[in-house]
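Quick note: residue numbers are just sequence positions, from 1. Atoms within a ligand are numbered from 1 in the order they appear, just like the ligands themselves.
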Amino acid sequence: MPAETTMPLEVPGSAVVPAEAVTPLIRGVGVVRELTEAGGTLSLSGLERATGLARSTVDRITSTLARMGYVRLDGRDAVLTPRLMELGNAYLAALRLPALLSGRADALADELDESVSLAVADRDGIRFIHQATRRRAMSLSFRIGDLLPAERTAPGPLFASEWTPADWQTWHERRASDPEDRGFPAVPPRGRPGGGSGFGGTGGFAGARGSSAGRGPSTARDASAGRGLPAAQSPSAAPGSSTAPDSPEAQAHSAAQDSSGAPSRELPHPDAEFEQLARDAGRDGWALDDQLIEPGLVAVSVPVREGRTGRIACVVSVVSHTSRHSATDLRDTLLPRLRATVAEMERVLASTPQPAPGAAPSGLASWTGASKHELGRDFVESLARGLTVLTAFGAGRSALTLTDVAQATGLARATARRALITYEHLGLVRQQPESRTFSLTPRVLSLGFPPLSRTSLPRIATPHLTDLSARVGESTALAILSTDRREIQYTARAVSHRIMGVDIRLGTRLPASATSLGWVLLSDTKDTEDTEGFEEVRAQGYALLDEDWEEGLRTLAVPLHDRTGRVVAAVNVALHAAGRTARECVEQLLPELRLTATRIERELHAAGHFTRVSLL
Ligand code: PHB
């Protein structure tokens, strides 16, 4: 057997493409990234412009992604589908932190009634791996997978406290080449109103915390600069929160402000300040974000350390708004409770053994040959094979050798190796040369996760209902059960184009016992009364009913299960009884309805692995 190959470590994103990199995979990843940055939807010609690829290449890549279930082609648009989240899920499952810690983050959010997030370091940025969001009107909230520049966040200085000189060099280079943070689409660019620019336009970030002597962040002044208000009017002005006049950042600020107090010029040495913040954060074990991203948004953060190495595994933040807490106030009142949660999290990390490797997947890429055969030029097999490499990782499978990857995918070692070289070049995979293993990096979350991470069952289902309705020529709908289990509520639908087609408005409620949807939903639990009828529905997996609330209406419904197997919704086809006999419904419509339910479930399960999918 040939020895495992150790590859040269490529600098992610570097211009030099390794000779063995797989070009179609680089292009396919580029297409997914552009779609992600566009919020999940882009026209094919938009993709052509954004990627610089020829139209024929864009077409072949998108049809390959469509075959994988990662993209839906909707007229002229390519739309990311929740199935794509399986790539980010592979990273999050391998990482373990969300599975181990998100419950405690959620509990803290409930206790404080504030948003709580978990973030990991992603080179010189921070990337969110969990969000327990309290939706409030006042400020933007970030999504799982969003990347923020370290120096505009509270977790940033904590991570930076562990940076090597090479890391600092990378950061300085990025600051010089992208002073407005254009490479971070999740944050407003600096230099715009609301763009975190209250601290000197394009430069500084004073106010992240106070000087180490005064410890009082320059909240009032910075916030008011951001909004053009005098300090005294700032809602975040707190007694004693102004910067000591002789502190370094006060001097920096006076240099950055003209006589009216408005920000005017770039701070003289803004980057030096972040270095100081990182030192303070490393020493104190906490850091503040006082409106670095946008006026009003404040956060306090504490690192969760790995028991064995003492290194930062992730950072927990409590995020609020100045209308409720000033940054200093957050530190004074909420930091103790945040620290208590972090202490618990560290105990969990230290005491949970590494999971035994889950059953190794096999043959992940074995389907690609048949698709190539079927679709020919419209299927880029090297892209499909390459993408399956990412799904070889997962819970208990965070560090894989080349042999492991080849086994899981069924790809030849040489093919798997070229995919890994490509991913390393793209910064999606990291090699641990000591152990000759590969791991996914947080950057895998940039493949679709942010725009897909806040979806709902109706949004997932609608395109599939439309497709089903077109295939069978009848109306279709999705419904959930009311909390008291007496009614069903329609939450998505697709209407057939027949003149006499069934047309039920969204939001309509009907008695559960009078509809096939209701029968399917009620039959999930054993404690429902009419056990006989429900048992039959449960056993056969569908309900067929001539519904008496509307003359001549016949409906056929099947259940939708979440990842745990619980029935959470039902889908139906509704038609005039004169159109098809009961037997024809079962023979002709049931297979189509089941296929649709399976497609919806696949997307629901991918989306629901690490995010909460709203049923409404
Ligand atoms: C967030 O979770 O939204 C968050 C966390 C830390 C920050 C800013 C935002 O500094």
* To do: Give the contacting part of I293 toward ligand 1: side chain, backbone, both or neither, where contact means a heavy-atom distance below 4.0 Å.
  => side chain
* To do: Under the side-chain hydrogen bond (donor to acceptor under 3.5 Å, both in side chains) rule, what do S301 and S317 come out as? Steps first, then yes or no, please.
  => CA-CA 4 Å; S301 301; S317 305; 2.7 Å; yes
* Asked: Based purely on interatomic distance, does Q131 place a nitrogen or oxygen under 3.5 Å from a nitrogen or oxygen of ligand 1?
  -> yes
* Would you mind running through ligand 1 and noting each atom that sits below 4.0 Å from a heavy atom of S317? => 5 (C), 6 (C)
* To do: Would you check whether P155 reaches within less than 4.0 Å of ligand 1, judged by its heavy atoms?
  => yes
* To do: Under 4.0 Å from a heavy atom of A299: give me the atoms of ligand 1 that qualify, with their elements.
  => 6 (C), 7 (C), 10 (O)
* Between R443 and Y423, is any pair of side-chain heavy atoms under 4.5 Å apart? -> no
* What do the steps show when you test D167 against T170 for side-chain hydrogen bond (donor to acceptor under 3.5 Å, both in side chains), and what is the final call? -> CA-CA 5 Å; D167 295 328; T170 305; 5.2 Å; no
* Asked: What atoms in ligand 1 come closer than 4.0 Å to a heavy atom of T153?
  -> 10 (O)
* Would one find an N or O of V319, backbone or side chain, under 3.5 Å from an N or O of ligand 1? -> no
* To do: Name the closest protein heavy atom to atom 7 (C) of ligand 1, giving the residue it belongs to and the distance to 0.1 Å.
  => D289 OD2, 3.4 Å
* Aromatic plane relationship, F274 with W163 - under 30° parallel, 30 to 60° tilted, over 60° perpendicular -> perpendicular
* Asked: Is it true that a side-chain atom of Q131 and a backbone atom of S117 form a donor plus acceptor pair closer than 3.5 Å?
  -> no
* Structure fact -> The protein heavy atom nearest to atom 2 (O) of ligand 1 is S117 OG, 2.6 Å
* **Heavy-atom side-chain contact between Y70 and L387 under 4.5 Å** => yes
* To do: Would you mind listing which atoms of ligand 1 come within a distance below 4.0 Å of any non-hydrogen atom of F142?
  => 3 (O), 9 (C)
* Single hit among D77, L65, V31 for side chain to side chain contact (heavy atoms under 4.5 Å, CB included) with V71 -> L65
